[in-house]
Each structure stands twice: as C-alpha cells, then as structure tokens.
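See structure below.
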Amino acid sequence: MATETVSPACTGSSLLQPISEIINLPLDQVNFVVCQLFALLTAFWFRLYLHPSKTSPFVRHVVATLLGFYFALFCFGWYALHFLVQSGLTYGIMILTGVEHMHKYCLVVALGYLSFCQITRVYVFDYGMYSADFTGPMMVITQKITSLTFEIHDGMCRKEEQLTPNQKILAIKRMPSLLEYFSYNCNFMGILAGPTCSYNDYIAFIEGTPCHRHRDQQTNGKANGRHKQTDPSPNIEVVRKLATCFFSLMVFLSVCKVFPVERNIDDDFIATTPFYAQVVYLYLSMLTTRPKYYFVWTLADAINNAAGFGFNGYTSDGSPRWDLISNLRIMDIEFATSFKMFLDNWNIQTAHWLKRVCYERCPYNPTAATFILSAMWHGAYPGYYLTFLTGIVVTLAARAMRHNVRPHFLGTPSHKLVYDVITWAGTQIAICYTVVPFVLLSVGPSMKFYRSWYFSVHIGCVLLAVALPVKPRHLRLKEQQKGLHLAPILSHLDSTSTDSNCNQKTKAT
C-alpha cells in the first residue's frame, strides 16, 4: 500500500518496479542492492581502465563524483540534493572562517543539518520508515566532513608536537579543492553505504601514491624484508567478501523472522517463559539482526577493494591486507569477551571517527561525550538515546571489571579460559540488553523490555562502576607520560649502577 502511494520522486527511480513486485521487496531496497551491485562492476572497470598510471587524478575525481551522484539520484530521487547542500554549506564555512575555528563550526552545521533531516523524516513524514532513508548516506558524509575539518585544523593550525602520532599521519597540510572535496564525500564507492575513510588515504588512492605504507610498513618501502613495488590484485579478497555477503544475506532472510525481536516484550512470552529461556531468546533474536549489517558493510568494503581502495600493506607472512577501511570483523564480534572488544570490531570506521573527533579531544568525561555524540549522529528515535545512555554505564562497569578482576585470572591458561567463557557470555547478554531499544526505536516498548528485566543490568552496572575503583583517564595518561619520561632516566641509572658494580669487582680483584 505504501509503495503505491509514495511518488517516484520520494523513492528514486521506478525503473525496477516490476522486479520489486516479483520478489515482493520494497522498491527502495531493490534500488539500493542493484546500485551496489552495479557499483561493484563499475569498481572493477574503474581500477582497470582508469588506473592512476593511465589516467589523471582530475579524471578519476570527476568520474567517481558523477557516478556517485547518479547512484544517489537513482536511489533517493530529489532527496539526494541534501548531500550537495550539506557538503556545499560546510565547504563554504571552511573557506570563509579559516582553519582556526572551522572544525567547530563545521561539526555544528553538519551535525545540525543531519539532525534536521532525521527529525523531519521521522516525525513529519513516516515514523519508523526505513525505506528511502536518505539520511543514511548523510551520516557517512557528516563523518567525512567533520573528520576532514579536524584533520585540516591539525595540519594547518596546530603545532606538530601537540599532535598524537595518529593525528600527525592524518593531518592535512593544504585546503582541498571543490572537486576533491565532493569526490571525497560523494564518490560512487561509498555514497550509499560508506565506509568512512581518511582524506589522505582517499587522495592517495586517487593519485596512486602509497600513503598507507607509512602506517603498517617500514619507511624504507620494504614489507617484511621484501620490496613490494605494486599493490596486489584484490580479486581474491573481493570474492571472499562477496561469499560472506551471500551467506549473511541467506542467514538473515531465513532466520530473522523466526526470532522476531518484538517477542521479547510480548505479554504472553514474558508471563509463561522462564527467565533463563528469555535470556537465550534475547541472545538469538539480537544475533539474527546482525547479518543484515554484515551484508551491507561487507558489500561496501568489497566495492572499494574492487576499485583498488583499501590495501593496507602485508601481514607478517607476506599476505596482502585489504582491511584499511573495513567496517567489521565478524569473528571478533561474535566471540568478543568484553564490551570494548565488541565495540572496537563493530562499525569500525564510525568508532575511529568518534575517537578522533570526540574521545581524544574531550577534556572531561570523554566516554559519556562520545556516546552522546554517537546517539545524536544515529538519529532522532528515542530508542537510540536509551541504547547509548545504557552503553555509558555498561562501558564503565566493564572497564571496572577488567581493571580489577581480570588480573586474577591470568595466572594459568585454564583460569584464563574460564574467564574468557564467562566474560563472553556476559558481554553478549550486555550487548543484547543494551541494543534492544536501538531495534524497537520507541520509548514505550523499550521501557517495557527493561521493566521485564527489572532494570537488572542497569543496576548491576551502576553498582560495579561505583564499587570497583578505576583511575580517571587523565590520571592514567599522566602516569603513562610520566613513565615514558622516566624510562630513559631509569635505564641510565641501571647502566650506571651496573658499571659501578663492575668497577668495584675489578678493584677487589
């Protein structure tokens, strides 16, 4: 019914409407998948026929940008103009305000414009509508805009000794041209589903310069003792990631409807199901929601790899790595033994963005500030805020447990195994408990779920965070810096003491 009443201008092209009706999927989802598959084929062509050795960066920028705009128009119709408006507004701010304060202004404007679009989409057009969600690409563009402006500020305004090692690598020494800016934000490889990447890495890919080598390889150009003159073929890696996409899609389509998340708040289910069975069902219902993200993010990664983007040096055995902009590590997610480990391997590029833009730069309460920024970036649904506010207390409790309990289990392999099994189960349940509002979206259903659990995880995490001491982050950083300063002194004193002892023994002899 909704598909028939929404005009093509709201859902993009209607060319694939017959296919949508045959397979009984919304037109927007069909447009998205077809565009991504077409982008995959285009990426191979882009790498082979517009290789940096054959084509100028100008041509590569123009082609990547025009194809990106075409895919956006095909999927979202006139809503794709928001991508141009958001990028254009912030580029104007970058030019007019200068490097000293532009990162702050661009963060406010980009995030504000994104929030405006998210609020109108949710509360003005259709609450709960996932079709024609043009704000998804805007979320990635917001990450790129803010990352770029902070990196320009680091490279053109701050002194080098004020930067962390990672900030020195990412710092940008010149203002990008308008074409470079739009190419970075709206290229066909990442316009629909990302992932976010650093500006320096993207420009290195377009120009064919091995910018990534200084991150993971020695500066002499060697990799594990062997010279690597050219980047390897990504074909095997692309095939592997496409196989992961296919498997994830099959799992999602076959299992997701068997364990609906909404059953966790069904009155009969709560009343008649033992609590241990509710815990198991919660885990299974949230487990089956993840494959759709595995499919979308792995396909986006494969598209970038097919274009030749994403090469990240070589492993210790000489195998090529294509994980420079990967967004997840599935096995590390499913077998995570800590809340932090799960977050570090889920939506990796967003985690990097939050760390670089907020966590590393916020002087007080960086954990809370980072979760709040993440909630604002995700959208206007109340469930997002419930999830990330819950995530704050869970993170603090998990950190306290790790600092105070983990050292007692590292004595023997058997103790470590017991600790890993227990923390795996605790982590998975904590993640599921935290993410339920993210899926349910609304306050009422989310609070109903938490009440059915008597807010037990909230209460337990607060008690752990209060009872178990953990030094504040700024004190830990001071101690680390102090240790780095004292290390040469202690080494010198140790060598002096050794020489003195040797002299005394020589005299005695």
- Kindly check if the number of other-residue, nucleotide or ligand heavy atoms within 6.0 Å of CD (E100) is above 12? no
- Check whether any side-chain N or O of N345 sits under 3.5 Å from a backbone N or O of M341 as a donor-acceptor pair, and report yes or no. yes
- Would you check if the side chain of N304 reaches a backbone N or O of A300 as a donor-acceptor pair within less than 3.5 Å? yes
- Looking just at side-chain N and O atoms, do T149 and Y105 make a donor-acceptor pair shorter than 3.5 Å? no
- Query: Mind checking whether D133 and R121 have side chains closer than 4.5 Å, heavy atoms only?
  - Reply: yes
- Message: For S338, is there any backbone N or O sitting under 3.5 Å from a side-chain donor or acceptor partner on T427?
- Response: yes
- Message: Evaluate L282 against Q278 for side chain to side chain contact (heavy atoms under 4.5 Å, CB included), listing each step before the verdict.
- Response: CA-CA 6 Å; L282 172 66; Q278 293 184 39; over 6 Å; no
- Message: Within the 4.5 Å heavy-atom criterion, are L242 and L40 side-chain neighbours or not?
- Response: yes
- Message: Take a 6.0 Å sphere around CE of M401 and say whether it holds more than 12 heavy atoms from other residues, nucleotides or ligands.
- Response: no
- Note on the structure: T272 and P274 have their tightest heavy-atom pair at O-CD, 3.7 Å
- Smallest heavy-atom separation, C186 atom then S87 atom, equals SG-OG, 4.4 Å
- Any sub-3.5 Å donor-acceptor pair from Q349's side-chain atoms to C197's backbone N or O? no
- Query: For the side chain to side chain donor-acceptor pair (under 3.5 Å) test, which of Q118, Q86, H82 pairs with Y113?
  - Reply: H82
- Item | Residue pair D268, R263: steps toward the salt bridge (charged side-chain N to carboxylate O under 4.0 Å, His left out) verdict | CA-CA 9 Å; D268 292 336; R263 194 181 177 198; over 6 Å; no
- Should we say atom CZ of F275 is surrounded by more than 12 heavy atoms from elsewhere, each under 6.0 Å from it? yes
- Test log, rule side chain to side chain contact (heavy atoms under 4.5 Å, CB included), inputs F205 and M189: CA-CA 12 Å; F205 157 71; M189 301 171 294; 3.5 Å; yes
- Message: Could you measure the distance from the OG atom of S20 to the CG atom of D28? Nearest 0.5 Å is fine.
- Response: 8.5 Å
- Task: Using distance alone, with no hydrogens and no angle criterion, decide if N347 and T350 have a side-chain donor and acceptor under 3.5 Å apart.
- Result: yes
- Query: Within the side chain of N187, is there an N or O that forms a donor-acceptor pair under 3.5 Å with the backbone of G190?
  - Reply: yes
- Message: Does any part of the side chain of F247, heavy atoms only, come nearer than 4.5 Å to the side chain of Y294, both counted from C-beta?
- Response: no
- Message: With a 4.5 Å cut-off on side-chain heavy atoms, are M94 and P176 touching?
- Response: yes
- Query: After noting the C-alpha distance and the side-chain angles of F74 and F71, does the key distance pass the ring-ring contact (aromatic ring centres under 6.0 Å, His included) rule?
  - Reply: CA-CA 5 Å; F74 191 91; F71 290 154; 8.2 Å; no
- Task: Using the side-chain hydrogen bond (donor to acceptor under 3.5 Å, both in side chains) rule, take D323 and S326 through it: C-alpha gap first, then chi angles, then the decisive distance, then the call.
- Result: CA-CA 5 Å; D323 60 352; S326 296; 5.7 Å; no
- Looking only at heavy atoms, the pair that brings R361 and V357 closest together is CD-O, 3.5 Å
- Message: Looking only at side-chain N and O atoms, does T164 offer a donor or acceptor that is under 3.5 Å from a partner on N166?
- Response: no
- Query: T395 versus R399: any side-chain heavy-atom pair under 4.5 Å?
  - Reply: yes
- Cation over ring face, K144 and Y184, 6.0 Å, 45°: yes
- Side-chain donor/acceptor of T135 to backbone N/O of M138, under 3.5 Å: no
- Message: Under a 3.5 Å threshold, yes or no: a donor from one side chain and an acceptor from the other, between Y433 and T390?
- Response: no
- Side chain proximity check, Y202 to F309, heavy atoms < 4.5 angstrom: yes
- Determine, step by step, whether N31 and F76 satisfy the side chain to side chain contact (heavy atoms under 4.5 Å, CB included) criterion, reporting the C-alpha distance in whole Å, the side-chain angles of both residues, the deciding distance to 0.1 Å, and the verdict. CA-CA 9 Å; N31 284 350; F76 305 109; over 6 Å; no
- Message: Between T288 and S285 (side chain of the first, backbone of the second, donor and acceptor by atom type, cut-off under 3.5 Å), is there such a pair?
- Response: yes
- Message: Can you confirm whether K448 is buried at NZ, in the sense that more than 12 heavy atoms of other residues, nucleotides or ligands lie under 6.0 Å from that atom?
- Response: yes
- Task: Find out whether the Lys NZ or Arg CZ of R321 is both under 6.0 angstrom from the six-membered ring centre of F311 and within 45° of the ring's axis.
- Result: no
- Item | Lys/Arg N to Asp/Glu carboxylate O, R356 vs E360, below 4.0 Å | no
- Item | Option from K241, R240, E237 for which side chain to side chain donor-acceptor pair (under 3.5 Å) with N305 holds | K241
- Heavy-atom neighbours of K168 NZ exceed 12 at 6.0 Å: yes
- Note on the structure: Taken to the nearest 0.5 Å, the spacing of T146 OG1 from W353 CH2 works out to 5.0 Å
- Going by atom types alone, do D420 and T337 pair a side-chain donor with an acceptor below 3.5 Å? no
- Over 12 foreign heavy atoms within 6.0 Å of CZ, F455: yes
- Message: For W297, is there any backbone N or O sitting under 3.5 Å from a side-chain donor or acceptor partner on D301?
- Response: no
- Item | Step-by-step side chain to side chain contact (heavy atoms under 4.5 Å, CB included) determination, I191 to F69 | CA-CA 8 Å; I191 184 67; F69 285 145; 5.8 Å; no
- Are the aromatic rings of H378 and F388 close, with centres under 6.0 Å apart? yes
- Quick one: pull up CD1 in I265 and CZ in F449 and give me the separation to the nearest 0.5 Å. 9.5 Å
- Item | Inter-residue atom distance Q167.CD - Q162.CD, 0.5 Å rounding | 10.0 Å
- Task: Answer yes or no: is there a donor N or O on one side and an acceptor on the other, between the side chain of D344 and the main chain of I348, under 3.5 Å?
- Result: no
- Show your working on ring-ring contact (aromatic ring centres under 6.0 Å, His included) between F252 and F295 and close with a plain yes or no. CA-CA 9 Å; F252 175 72; F295 168 76; 8.9 Å; no
- Query: Where does the angle between the aromatic ring planes of Y281 and F259 fall among parallel (under 30°), tilted (30 to 60°) and perpendicular (over 60°)?
  - Reply: tilted
- Indicate yes or no: at least one non-hydrogen side-chain atom of N200 is less than 4.5 angstrom from one of I169. no
- Nearest-0.5 Å distance that lies between atom CG in L386 and atom OG in S446: 5.5 Å
- Where is the tightest heavy-atom contact between S198 and D201, given as atom of each residue plus distance? OG-OD2, 2.9 Å
- Item | Full working for ring-ring contact (aromatic ring centres under 6.0 Å, His included) between F134 and F83 | CA-CA 9 Å; F134 64 96; F83 309 162; 7.4 Å; no
- Side chain proximity check, Y91 to F182, heavy atoms < 4.5 angstrom: no
- Any sub-3.5 Å donor-acceptor pair from K416's side-chain atoms to L410's backbone N or O? no
- Task: Kindly compute the distance separating CZ (F339) from CG (L396), expressed to the nearest 0.5 Å.
- Result: 10.0 Å
